[in-house]
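Notes follow the structure.
Atoms within a ligand are numbered from 1 in the order they appear, just like the ligands themselves. The first residue of the sequence shown is numbered 1, and numbering continues consecutively from there.
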Amino acid sequence: MAKYDAVIVGGGHNGLVTAAYLARAGRKVLVLERRELVGGCSVTEEIWPGYRVSTAAYLTSLLQERIVRELELPRYGYRVDAKDPAFFSAFPDGRHFFMWQDRAKTLAEIAKFSHHDAEVYPAYEDLLERISQVVEGLLLTTPPNFPPRTGMDFVDYLKLVGRMRGLGAGDVVALVKIFTQSAADFLDEWFESEQVKVTLATDGVIGANGGPRSPGTAYILLHHCMGGVAGHRGLWGFVRGGMGAVAEAMAASARAKGVSIRVNAAVAKVTVRSGRAQGVVLETGEEIEAAMVASNLDPKVTFLRLLDAGDLEPDFVAAIRHFRIEGTSCKINLALNGLPEFTAYPGTRPGAPPGAAGPHHRATMHICPSIEYVERAWDDAKYGRASERPLLELTIPTMYDPSLAPAGKHIMGIFLQYAPYTLREGTWDDLREPFGDRVIALIEEYAPNIRRIIEHRQVLSPLDLERRFGITGGNIFHGEMSLDQMFVMRPVAGWARYRTPVKGLFLCGSGAHPGGGVMGAPGFNCAREMLKRG
Ligand SMILES: Cc1cc2nc3c(=O)[nH]c(=O)nc-3n(C[C@H](O)[C@H](O)[C@H](O)COP(=O)(O)OP(=O)(O)OC[C@H]3O[C@@H](n4cnc5c(N)ncnc54)[C@H](O)[C@@H]3O)c2cc1C
């Protein structure tokens with residue numbers, strides 16, 4: 001029987017990061033992945049011949065610079081094209097709004113809707129920059145013990161407060177507000193234009209179980225600014241080769257350090273003896289011994305399925321059962337034989353032929369005209385219905401990397417809110433395609449040619465996301481990113497330091513601090529804690 005220093009259950013990007021850092025420190029590591037490919041939610045799959053689709057995650061920004069550098073990801077093929085323009089919003093009255101990498105161009109766009117908003121926007125961006133820098137410092141940090149018990153625990157909290165030293169009094173107030181307010185309330189304090197506010201507010205509800213008026217969504221807005229590409233804070237980019245190229249680069253880096261990776265190797269159980277993890281058992285019955293085990297799976301699967309109830313205290317099991325993990329996001333992937341023609345942006349230049357590529361095709365294209373529109377979309381989900389008129393984010397990665405599709409063809413990703421995992425009536429197996437039709441009809445109101453250019457369509461409801469990627473409830477972050485499930489409380493109070501009540505078993509996925517997104521931070525932090533153990 002092979003004996004490893006560590007077995008990583010799950011080859012998502014976080015599992016690969018943990019594995020690579022452990023191997024870098026000389027440990028013998030094995031990664032076991034259930035699917036036929038690594039990457040988890042960060043994958044590229046050829047779902048139709050010639051179309052290589054980022055089936056789940058589609059943009060990068062949060063991936064920590066330190067991890068990119070230390071794992072030498074560019075050497076293994078990781079390349080990012082920063083989006084420019086970053087956003088394009090189409091409005092029903094035929095107007096449009098762009099946000100560019102160039103601040104001056106963005107300000108000119110904002111001024112189309114409000115001179116006041118154009119004047120305050122630089123100060124808003126600067127504030128987010130200052131706050132993000134403070135919060136960003138926590139991403140690669142192990143949360144302190146909670147509740148604090150010893151003198152050293154209190155010292156850790158004082159150190160946290162010390163991180164705010166560079167902030168002025170107004171910034172500290174803003175920081176508290178950002179952790180507690182709704183995205184809409186936060187933005188209302190700055191801006192007057194509905195178009196500007198809703199374009200910025202979308203980041204506050206992506207992956208959230210709440211609307212722009214739900215307290216806590218301001219933090220999700222900040223979470224999406226917690227990185228950047230091409231030196232621009234909060235800017236997102238397309239990965240060459242799709243999001244699978246992130247995981248492939250990590251896997252190549254890990255292998256180069258000696259990590260063994262097995263795909264088609266689903267883990268059924270973590271073996272526990274005398275309160276200590278001893279290894280794992282695969283679904284085939286194969287047993288693998290290891291001194292330590294790290295789970296890249298979400299907290300519900302890790303603790304409620306891979307372990308026996310007797311391995312854990314009832315209080316801990318109850319806390320994990322209460323961990324909220326229902327998703328409200330849906331992903332629709334399209335293969336297109338042309339480009340959508342938006343009535344709000346008919347052509348790049350006068351006389352441009354219909355269907356010509358324009359700057360808007362290079363942006364994240366929003367269909368969500370107002371805060372009220374998004375709030376109403378959430379109202380539906382709150383009562384167990386898929387939004388009648390959902391918030392849509394459209395992206396066309398082939399505008400940056402044409403190799404992802406056959407010549408002249410395109411891929412479009414539609415990420416949308418809200419599609420609640422638990423439906424009051426019907427099932428996603430019945431609703432999936434009618435809902436897909438509804439989304440296409442909605443896009444048609446803005447880009448009337450869309451139906452004609454679709455060659456293939458894949459609708460991934462939260463149930464499909466759960467089935468395909470193994471994420472409970474289809475929650476894209478491995479659990480809600482609400483204040484009571486963040487930092488010292490992620491996944492549950494008392495267990496936010498990557499260790500678990502089972503000795504030698506660690507949590508290295510997005511269900512641990514600092515949460516979801518293709519960030520690598522939970523995997524990095526977990527490796528550090530495992531190395532302290534042995
Ligand atoms: C539709 C969608 C869109 C998203 N868009 C973005 C985006 O654009 N940008 C961004 O930054 N983030 C995005 N996210 C969020 C981000 O992709 C995830 O939070 C992140 O990838 C999770 O990484 P992870 O390594 O923690 O876990 P996962 O990616 O979930 O990896 C867990 C791995 O464990 C494997 N596994 C499960 N069960 C077993 C088992 N029993 N045995 C062995 N292996 C098992 C899974 O197959 C998977 O490979 C999106 C997510 C989704 C679902």
Side-chain angles (χ1 to χ4, degrees), residues 7-19 30-43 54-64 83 203 206-207 223-224 226-227 229 236-239 242-244 246-247 250-251 261-270 280-283 293-302 305-306 327-333 364 393 395 397 413-417 419 458 460-462 464-479 481 507-512 514-524 526:
V7 161
I8 315 295
V9 184
H13 83 284
N14 274 313
L16 295 170
V17 168
T18 304
L30 172 68
V31 175
L32 296 167
E33 167 55 43
R34 174 185 66 108
R35 292 194 72 198
E36 68 284 11
L37 79 176
V38 292
C41 301
S42 184
V43 283
S54 296
T55 36
Y58 50 107
L59 288 168
T60 186
S61 172
L62 306 174
L63 185 59
Q64 297 296 292
K83 275 190 300 163
D203 272 350
I206 294 299
H223 187 78
H224 283 99
M226 219 55 88
V229 287
W236 290 66
F238 290 98
V239 178
M243 291 300 283
V246 179
M250 288 172 171
I261 300 176
R262 279 176 62 183
V263 293
N264 297 311
V267 172
K269 283 279 169 220
V270 172
V280 297
V281 184
L282 301 191
E283 279 180 3
V293 176
S295 172
N296 186 191
L297 280 46
D298 68 58
K300 293 252 189 205
V301 183
T302 301
R305 280 210 254 137
L306 294 189
T328 54
S329 312
C330 169
K331 179 85 188 292
I332 300 179
N333 295 307
T364 294
E393 272 208 7
T395 40
I414 306 170
F415 184 90
L416 70 84
Q417 301 268 132
Q458 178 195 47
L460 294 171
S461 71
D464 302 310
L465 294 174
E466 178 179 73
R467 286 174 179 160
R468 193 179 188 99
F469 301 107
I471 46 178
T472 306
N475 188 296
I476 73 165
F477 296 142
H478 282 201
M481 303 263 293
L507 197 60
C508 69
S510 300
V518 180
M519 192 172 359
F524 173 92
C526 183

Tell me whether R467 at atom CZ has more than 12 heavy atoms from other residues, nucleotides or ligands lying less than 6.0 Å away. yes
Atoms of ligand 1, numbered as shown, that sit under 4.0 Å from any heavy atom of G40: 29 (O), 31 (O), 48 (C), 49 (O)
Run the numbers for me: atoms of ligand 1, each under 4.0 Å from some heavy atom of C41, listed by number. 17 (O), 21 (O), 29 (O), 30 (O)
Quick one, T55 and F469 - any side-chain contact, counting heavy atoms below 4.5 Å? yes
Quick one: look at L297 and ligand 1, take heavy-atom pairs under 4.0 Å, and tell me if it's side chain, backbone, both or neither. side chain
Test your reading of the structure: does L62 have an N or O sitting under 3.5 Å from an N or O of ligand 1? no
Which atoms of ligand 1 sit under 4.0 Å from any heavy atom of N14? 23 (O), 24 (P), 25 (O), 26 (O)
For the 3.5 Å polar cut-off, considering only N or O atoms, please tell me whether T60 and ligand 1 meet it. no
Going by distance only, is there an N or O of G15 that falls short of 3.5 Å from an N or O of ligand 1? no
Min side-chain heavy-atom separation L32-V9 under 4.5 Å: no
Are any of the N/O atoms in E33 less than 3.5 Å from those in ligand 1? yes
Check for a donor-acceptor pair, side chain of S54 on one end and backbone N or O of M243 on the other, with a separation under 3.5 Å. yes
Intermediate values then yes/no, side chain to side chain contact (heavy atoms under 4.5 Å, CB included), I206 and F415: CA-CA 9 Å; I206 294 299; F415 184 90; 3.7 Å; yes
Geometry only, no angles: is H478 polar-contacting ligand 1 at N/O separations under 3.5 Å? yes
For atom 4 (C) of ligand 1, what is the closest protein heavy atom, and at what distance to 0.1 Å? A57 CA, 3.3 Å
Do any nitrogen or oxygen atoms of R34 come within less than 3.5 Å of a nitrogen or oxygen of ligand 1? yes
Mark up the atoms of ligand 1 that fall under 4.0 Å of a heavy atom belonging to G516, in ascending order. 19 (O)
In sequence, state the C-alpha distance, the side-chain angles, and the governing distance for L63 and M250, and then conclude on side chain to side chain contact (heavy atoms under 4.5 Å, CB included). CA-CA 12 Å; L63 185 59; M250 288 172 171; 3.6 Å; yes
For ligand 1, which is the ligand I care about here, please tell me if V267 has any N or O atom under 3.5 Å from one of the ligand's N or O atoms. yes
Numbered in order shown, the ligand 1 atoms found under 4.0 Å of a heavy atom of I471 are 30 (O), 53 (C)
How close does the nearest protein non-hydrogen atom get to atom 10 (C) of ligand 1, and which residue and atom is it? V518 N, 3.5 Å
Which atom of N333 lies closest to which atom of G413, heavy atoms considered: OD1-CA, 4.1 Å
So which heavy atom in the protein is nearest atom 53 (C) of ligand 1, and how far is it from that ligand atom? I476 CG2, 3.4 Å
Near A265, which atoms of ligand 1 are under 4.0 Å from a heavy atom of that residue? 43 (C)
Protein contact of atom 9 (N) of ligand 1 - nearest heavy atom, named by residue and atom, plus distance: L59 O, 2.8 Å
Does M519 offer a backbone N or O that forms a donor-acceptor pair with the side chain of H13 under 3.5 Å? yes
So is S510 touching ligand 1 or not, going by heavy atoms under 4.0 Å? yes
One pair to check against side chain to side chain contact (heavy atoms under 4.5 Å, CB included): S295 and V270. What are the steps and the verdict? CA-CA 9 Å; S295 172; V270 172; over 6 Å; no
Check: H224 main-chain N/O paired with D203 side-chain donor or acceptor under 3.5 Å: no
Kindly assign one of parallel, tilted or perpendicular to the pair H223 and F477, based on the angle between their ring planes and the thresholds 30° and 60°. perpendicular
Are side-chain heavy atoms of P299 and L507 found at a separation under 4.5 Å? yes
Which protein non-hydrogen atom lies closest to atom 2 (C) of ligand 1, naming both residue and atom, and how far is it? A56 C, 3.7 Å
Working to the nearest 0.5 Å, report the span between CG of L282 and CZ of R262. 5.5 Å
Closer than 3.5 angstrom, by distance alone: can the side chain of E36 be matched with the main-chain N or O of V263 as a donor-acceptor pair? no
Considering the heavy atoms of G509, write down every atom of ligand 1 situated less than 4.0 Å from one of them. 26 (O)
Does the side chain of E393 reach to within under 4.5 Å of the side chain of I414, using non-hydrogen atoms? no
Is there a heavy atom of A266 sitting under 4.0 angstrom from any atom of ligand 1? yes
Which atoms of ligand 1 are found less than 4.0 Å from any heavy atom of F469? 46 (C)
If we only count N/O pairs under 3.5 Å, is W236 in contact with ligand 1? no
What protein heavy atom is closest to atom 33 (C) of ligand 1, reported as residue, atom name and distance in Å? G12 N, 3.5 Å
